[in-house]
Visitor: 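Let me begin by handing over the structure; questions about it come next.
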Number of protein chains: 2
Amino acid sequence: MILGTPSLSPDREHQDTKGRILEVAERLFMEHGFSATSLRMITGEAKVNLASVNYHFGSKEALIEAVFNRWLAPLNQERLTQLSRLETQKEGEPLTVEQIIDAFVMSALRMGEDHSGTGMIFLRLLGRAFSDPGSGVRSLLAKQYSDVVTRFKRALAKALPNLPEEEIVWRMHFMFGTMAYTNAGMDAIQLISSCNAANPQDQATILKRVTKFLVAGFKAP
Amino acid sequence: MILGTPSLSPDREHQDTKGRILEVAERLFMEHGFSATSLRMITGEAKVNLASVNYHFGSKEALIEAVFNRWLAPLNQERLTQLSRLETQKEGEPLTVEQIIDAFVMSALRMGEDHSGTGMIFLRLLGRAFSDPGSGVRSLLAKQYSDVVTRFKRALAKALPNLPEEEIVWRMHFMFGTMAYTNAGMDAIQLISSCNAANPQDQATILKRVTKFLVAGFKAP
DNA sequence: GTCTATATGTGGATAGAC
DNA sequence: GTCTATCCACATATAGAC
């Protein structure tokens with residue numbers, strides 16, 4: 001429980017001020033980006049006073065950090081836990097690529113499904129944050145991701161002993177990109193593809209597609 | 001020659017006002033995002049008068065559109081040309097997945113290398129634009145990409161007859177994500193991976209890695 | 001076409017009453 | 001902790017001289 005993780009209660013309008021701000025900010029940041037979202041928009045929708053943001057968080061920048069800290073740490077913790085679980089299970093033998101990618105991708109799904117869908121919004125916000133340089137979030141991401149990168153890199157190196165480490169790092173980079181974009185641009189696909197195929201489907205199906213795509217990519221010679 | 005495509009002359013400080021604005025805007029939008037980049041920053045660096053932006057473009061929004069129109073149309077035209085060239089060559093027989101992905105990815109490289117590296121900056125900006133909703137650029141992207149999507153989808157469907165069309169669309173979506181992120185987040189990899197592996201390399205090598213990764217992904221069962 | 005000056009709005013942040 | 005009122009920096013945009 002890091003920073004006022006919201007209760008699962010459906011009537012969120014009775015939450016405390018701090019929690020309401022976090023929840024609305026999360027959504028608006030996702031919809032409009034960080035700099036295009038004003039504190040007035042946030043406090044307006046959250047029906048709290050403008051000054052309360054600075055009272056509770058100190059600054060807009062600090063609010064952004066708080067939004068991230070609330071979800072990112074648990075998400076990456078879950079990823080590490082899943083990986084550890086698999087490694088214990090196999091007792092030193094290398095995991096399969098499928099298992100590793102699955103641990104990475106499906107942790108996101110699990111977090112998204114928890115908390116009655118609120119986590120899903122964060123996933124999409126996370127996608128945006130990776131490509132948003134003007135928010136100071138990037139350095140935060142680096143810290144939060146460093147353990148995950150290290151551990152997954154090691155696991156993948158064991159699973160793919162013929163692949164140079166450099167290649168593995170790049171492919172992980174591609175994986176982050178695919179994940180980020182898939183989450184953030186879920187609405188872009190309709191714009192781009194302009195076909196009735198890829199319609200709003202449940203995240204589970206999409207992530208299974210992603211996993212298959214990524215596993216094949218990692219296994220490329 | 002759509003909107004003042006810059007000359008290849010190295011001393012750009014002698015360009016005309018409109019061209020200088022476009023060039024600086026392109027870079028600053030990429031570095032800071034659209035809404036975080038003010039016209040003052042642009043005109044300051046371009047050493048032109050503030051009012052000249054509105055004189056030449058009408059508004060900031062129109063400037064953003066101009067920046068995109070300058071490069072995106074030629075890029076996608078190149079992609080279509082490459083695809084057509086291959087199809088003519090094969091006379092009706094399906095292309096290989098490698099050829100198709102290569103036509104898509106390497107057109108970007110070719111454009112990036114042209115114009116003494118200026119195009120590269122645009123590629124990274126393009127990556128940002130996909131995940132930046134607050135700029136009205138998205139609908140522009142949809143229009144500019146629609147032909148490319150249609151043609152490449154058809155080619156891929158012929159190359160992968162066993163793959164449902166829906167799956168193809170999704171994998172194209174993943175491809176866009178990988179490309180967008182790879183271009184935009186080239187600096188993020190150092191933050192994230194915190195290892196000496198993936199260092200500033202030439203774009204060509206990186207795009208070859210991407211291509212291999214993507215081809216394998218598309219070929220996944 | 002280019003400049004100065006300015007109109008007009010909105011941003012984040014804060015002081016101080018309650 | 002919450003509110004009103006306000007400060008001040010900076011945004012886009014434009015009017016009008018040159």
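Here is the naming used below: chain letters follow the sequence lines, and residue numbers restart at 1 for every chain.
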Visitor: When the ring planes of A:Phe174 and A:Trp170 are compared, do they come out parallel, tilted or perpendicular, using 30° and 60° as the limits?
Guide: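 A:Phe174 vs A:Trp170 ring planes: tilted.
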Visitor: For D:dC3 and A:Ser52 - does any side-chain N or O of the residue sit under 4.0 Å from the phosphate oxygens OP1/OP2?
Guide: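 Answer no for this pair, as no side-chain N or O of A:Ser52 is under 4.0 Å from OP1 or OP2.
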Visitor: A:Asp16 has an atom CG; how far is it from atom C1' of D:dG1, in whole Å?
Guide: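 Taking atom C1' of D:dG1 as the reference, CG of A:Asp16 is at 12 Å.
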Visitor: Find the distance A:Arg40:CZ to D:dA11:P and express it as a whole number of Å.
Guide: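 From A:Arg40 CZ to D:dA11 P: 16 Å.
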Visitor: Could you tell me how far apart B:His56 (NE2) and D:dT14 (C1') are, to the nearest whole angstrom?
Guide: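 Value for this atom pair: 16 Å.
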Visitor: Measure the distance from CD on B:Glu61 to C1' on D:dA11 and round it to the nearest whole Å.
Guide: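 The distance from CD of B:Glu61 to C1' of D:dA11 comes to 15 Å, rounded to the nearest Å.
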Visitor: Might you list the N or O atoms of the protein lying below 3.5 Å from N or O atoms in nucleotides 14-17 of chain C, with each pair's distance?
Guide:
none

Visitor: Would you confirm whether A:Lys60, through its side chain, and A:Thr37, through its main-chain N or O, come within 3.5 Å as a donor-acceptor pair?
Guide: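 The answer is yes, because a donor-acceptor pair under 3.5 Å joins these two groups.
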Visitor: So what does B:Thr37 hit on the nucleic acid, given a heavy-atom distance under 4.0 Å: a base, only sugar-phosphate, or nothing?
Guide: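 Touches sugar-phosphate only.
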Visitor: Hey, what's the ring geometry for B:Phe218 with A:Phe213, parallel, tilted or perpendicular (30° and 60° as the breaks)?
Guide: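 B:Phe218 vs A:Phe213 ring planes: perpendicular.
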Visitor: Using whole Å, report how far CD1 of A:Ile21 lies from P of C:dA13.
Guide: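 So the CD1-P distance, A:Ile21 to C:dA13, works out to 13 Å.
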Visitor: Please verify the inter-ring angle class for B:Phe34 with B:Phe29; under 30° counts as parallel, over 60° as perpendicular, anything in between as tilted.
Guide: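 Tilted.
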Visitor: Using a heavy-atom cut-off of under 4.0 Å over every strand shown, decide if B:Ser38 touches base, sugar-phosphate, or nothing.
Guide: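 Sugar-phosphate contact only.
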Visitor: What about the rings of B:Phe104 and B:Phe152, do their centers lie closer together than 6.0 Å?
Guide: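 Under 6.0 Å, so yes.
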Visitor: Indicate yes or no for a side-chain donor-acceptor contact from B:Ser59 to the backbone of B:Ala62 under 3.5 Å, with no hydrogens or angles considered.
Guide: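 Yes, the answer is positive, given that a donor and an acceptor are paired below the 3.5 Å cut-off.
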Visitor: Rounded to whole angstroms, how far apart are NZ on A:Lys47 and P on D:dC3?
Guide: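 Rounding to the nearest Å, NZ of A:Lys47 and P of D:dC3 are 13 Å apart.
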Visitor: Who passes side chain to side chain donor-acceptor pair (under 3.5 Å) against A:Gln144, sequence neighbours left out?
Guide: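 Per chain and number, A:Gln144 pairs via side chain to side chain donor-acceptor pair (under 3.5 Å) with A:Asn69.
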Visitor: Return the value, rounded to whole Å, for the distance between atom CG of B:Leu39 and atom P of C:dT8.
Guide: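 Atom CG in B:Leu39 sits about 19 Å away from atom P in C:dT8.
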Visitor: Within less than 4.0 Å of OP1 or OP2 of C:dG12, is there a side-chain N or O belonging to A:Ser59?
Guide: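 Looking at the OP1 and OP2 atoms of C:dG12, neither is under 4.0 Å from any side-chain N or O of A:Ser59.
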Visitor: What's the CZ-P distance between B:Phe57 and C:dT2, to the nearest Å?
Guide: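 Value for this atom pair: 11 Å.
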